[in-house]
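Values below: all heavy atoms of this structure, side chains included; hydrogens, waters and symmetry mates excluded.
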Amino acid sequence: MVSCLGDKDGNAKGNGFLLLDSQFNVKGRWEKPGHSPSFGYDFWYQPRHKTMISSSWGAPAAFTKGFNLQHVADGLYGRHLFVYSWPDGELKQTMDLGNTGLIPLEIRFLHDPSKDTGYVGCALSSNMVRFFKTQDGSWNHEVAISVQPLKVQNWILPEMPGLITDFLISLDDRFLYFVNWLHGDVRQYNIEDPKNPVLAGQVWVGGLVQKRSPIVAVTEDGHTWQSNVPEIQGRSLRGGPQMIQLSLDGKRLYVTNSLFSTWDRQFYPELMEKGSHMLQIDVDTEKGGLKINPNFFVDFGAEPDGPSLAHEMRYPGGDCTSDIWI
């Protein structure tokens with residue numbers, strides 16, 4: 001099943017889900033006729049609760065041109081979650097996340113199939129929103145984690161959102177990890193109590209406010225600061241953390257730094273010249289904690305056909321804990 005963002009002209013309509021057969025031929029639409037919302041993006045299902053929930057990015061005609069704050073005011077970006085019956089494809093409920101849930105992207109249920117709760121990362125609002133089933137069988141939501149914007153100097157706006165672009169949950173449902181693409185940090189939260197996540201680890205691996213940047217953050221008392229981002233094998237870290245993938249044993253978190261070429265060019269032009277890279281962050285799975293592995297650095301700037309932009313990563317199926325596809 002494949003989600004669709006918009007129509008052939010890039011408008012936020014005609015969305016929904018395509019069903020493919022084992023030969024990747026299109027069989028048709030999954031959702032019932034008339035049950036396609038305006039926006040679409042990621043989705044996750046929990047069969048024991050007969051539910052699938054999808055998120056909403058924006059109109060391709062808007063985001064493919066780069067980020068423009070006016071497009072948010074114009075209604076070209078999403079702020080809703082869509083609740084479907086599974087596997088029927090009937091749109092049962094629409095949850096408006098409001099200004100606390102602007103541009104909800106990646107969405108995840110807890111891995112435990114009996115659980116009726118999950119999270120969605122809302123990029124522009126920089127909130128991690130928890131959704132959950134209520135006693136009457138409907139679904140509700142609340143902000144579980146909020147990343148405060150940084151007051152900054154020498155940037156296009158006086159405040160900089162974290163921009164949560166990706167997150168994941170460990171297979172044992174103990175930890176949640178997410179990235180702030182603009183701020184430049186990767187975070188680990190203990191979610192053994194899903195309602196009350198606790199920060200367990202944080203590491204800076206890039207971002208717009210690192211020490212070699214002209215952009216500085218300003219504290220409430222007027223002091224300025226920049227993040228300490230280390231060099232890895234003598235190389236400066238460029239861009240910001242974007243896509244992440246966790247090893248099956250939960251001990252290694254891999255990070256790439258390209259979001260979307262148009263946005264890369266807008267916020268991190270250095271990526272277009274030097275390409276992206278992949279890092280490994282070692283994880284303390286007992287007490288919590290993150291540490292950059294100094295012996296792992298994959299540079300996509302030296303590809304035979306020129307600098308490349310690395311994006312999604314996935315482990316293959318089975319019990320493999322070492323190989324990773326990118």
| request: For Y84 and W30, run ring pair (Phe, Tyr, Trp, His ring centres under 6.0 Å): C-alpha distance rounded to whole Å, both residues' side-chain angles, the deciding distance at 0.1 Å, then the answer. | output: CA-CA 11 Å; Y84 289 87; W30 170 75; 5.4 Å; yes
Please tell me whether [X] and [Y] are part of a single hydrophobic cluster in this structure, the criterion being side-chain heavy atoms less than 4.5 Å apart.
X	Y	answer
L124	I164	no
V152	W225	yes
F178	I107	no
I292	L253	yes
I244	I191	no

Can a donor-acceptor pair be found, under 3.5 Å and without considering hydrogens, that links the side chain of [X] to the backbone of [Y]?
X	Y	value
S125	L102	yes
Q210	G207	yes
T262	G66	no
S3	Y41	yes
E106	L168	no
N293	Q280	no
S213	K211	no
H311	F260	no
Q46	K115	yes
D112	S114	yes

Could you give the distance from [atom1] ([X]) to [atom2] ([Y]), rounded to the nearest 0.5 Å?
X	Y	atom1	atom2	value
N180	M160	CG	CE	11.0 Å
F67	F267	CZ	CZ	6.5 Å
T165	W263	OG1	CH2	9.5 Å
I103	L163	CD1	CG	7.5 Å
D42	W57	CG	CH2	11.5 Å
S227	R212	OG	CZ	10.5 Å

Between [Y] and [X], do the side chains contain a donor N or O and an acceptor N or O under 3.5 Å apart?
X	Y	value
E31	S36	yes
H183	D185	no
R79	S56	no
S146	N127	yes

| request: Give a yes/no verdict on a cation-pi contact between R108 and F167, requiring under 6.0 Å between NZ or CZ and the six-membered ring centre and an angle within 45° of the axis. | output: yes
Heavy-atom pair with the smallest gap, counting every atom of [X] and [Y]:
X	Y	result
Q242	S258	NE2-O, 2.8 Å
F175	T285	CE1-O, 3.7 Å
D88	S85	CB-OG, 3.3 Å
L97	P104	CD1-CB, 4.0 Å
F39	G75	CZ-O, 3.3 Å
A144	P197	O-CD, 3.8 Å

[Y]/[X] salt bridge by N-O under 4.0 Å criterion:
X	Y	result
E231	R235	no
E90	K32	no
R174	E192	yes
E220	K151	yes
R238	D299	yes

| task | For K133, look at atom NZ and say whether over 12 heavy atoms of other residues, nucleotides or ligands are found less than 6.0 Å away. | result | yes
| message | V186 vs W204, test: side-chain contact (heavy atoms from CB on, under 4.5 Å). Steps then yes/no. | response | CA-CA 6 Å; V186 181; W204 296 85; over 6 Å; no
Could you check if a side-chain atom of [X] sits within less than 4.5 angstrom of a side-chain atom of [Y], using non-hydrogen atoms only?
X	Y	result
T256	M313	yes
K65	Q266	no
K195	R130	yes
P194	Y119	yes
L259	D264	yes
M272	L309	yes
N190	L176	no
M128	C122	no

| message | What verdict does the side-chain contact (heavy atoms from CB on, under 4.5 Å) test give for E270 and R265, after you've listed the backbone C-alpha separation in whole Å, the side-chain angles of each residue and the deciding distance to 0.1 Å? | response | CA-CA 8 Å; E270 188 180 25; R265 185 178 293 108; over 6 Å; no
| task | Verify side-chain contact (heavy atoms from CB on, under 4.5 Å) between Q245 and M243, making sure each step is shown before the conclusion. | result | CA-CA 7 Å; Q245 181 66 37; M243 298 302 290; over 6 Å; no
| Which of these, F43, F131, W86, F132, sits in a ring-ring contact (aromatic ring centres under 6.0 Å, His included) with F109? |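 Option passing the ring-ring contact (aromatic ring centres under 6.0 Å, His included) with F109: F131.
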| Where do N25 and L20 land on the side-chain contact (heavy atoms from CB on, under 4.5 Å) test, with the steps shown first? | CA-CA 5 Å; N25 298 307; L20 309 181; over 6 Å; no
When the ring planes of [X] and [Y] are compared, do they come out parallel, tilted or perpendicular, using 30° and 60° as the limits?
X	Y	value
F297	H277	tilted
Y77	F63	tilted
W44	H111	perpendicular
F82	H80	parallel

| field | Ring centers of Y254, F296 separated by less than 6.0 Å | value |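 Yes: the rings meet the under 6.0 Å criterion.
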